Amino acid sequence: MTRPAFQRGEESVIRIAEGPLSDFTRTLLGRAGYDALSADAATRAVMHGSLLGVDSHGVRLVPHYVRVVEGGRVNGRPRFSFSGSLRAS
């Protein structure tokens with residue numbers, strides 16, 4: 001749900017409930033080319049930033065994340081492989 005906007009200095013602030021914003025973010029990333037696992041991880045990361053009030057690392061970055069995948073700079077569907085060559089691995 002969207003809450004009414006209020007003024008903070010020169011900017012308007014709109015509050016959106018966590019669930020719908022998280023769902024919307026995950027959908028945007030999926031449509032941009034992220035696989036489900038990557039879209040979920042990125043969504044959790046940006047939501048964490050926004051919920052802690054660290055907007056520089058929050059949902060305001062979603063348009064950037066969409067652009068870098070759509071532009072081919074970042075692989076939204078990585079394939080991980082791990083090989084053990086040391087005793088700790």
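In this text the structure is predicted, and so the values were computed from the model without any measurement.
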* Atom CG in Leu51, atom CZ in Arg44: separation rounded to 0.5 Å? -> 13.0 Å
* Under 4.5 Å between side-chain heavy atoms, hopping through other hydrophobics if needed: is there a path connecting Leu29 to Ile16? -> yes
* **Expected output: side-chain Thr43 to main-chain Ala39 donor-acceptor under 3.5 Å** => yes
* Linked, directly or transitively: Leu37 and Val68 (ILVMFWY side chains, under 4.5 Å) -> no
* Which pair of heavy atoms, one from Leu28 and one from Val66, lies closest together, and at what distance? -> O-CG2, 4.3 Å
* To do: Would you name the heavy atoms of Ser56 and Leu61 that are closest together and state the gap between them?
  => O-CD1, 3.5 Å
* Asked: By the rule that ILVMFWY residues connect when side-chain heavy atoms come within less than 4.5 angstrom, directly or transitively, which residues belong alongside Phe80?
  -> Phe82
* Asked: Roughly how far, to the nearest 0.5 Å, is CE of Met47 from CG of Leu21?
  -> 4.5 Å
* Asked: Is the side chain of Asp35 donor-acceptor paired with the backbone N or O of Ser38 at a distance under 3.5 Å, no angle test?
  -> yes
* To do: Using atom types as modelled and distance alone, determine if a side-chain donor or acceptor of Ser50 lies under 3.5 Å from a backbone N or O of Val59.
  => yes
* To do: For Tyr34 and Asp40, indicate whether the former's side chain and the latter's backbone hold a donor-acceptor pair under 3.5 Å.
  => no
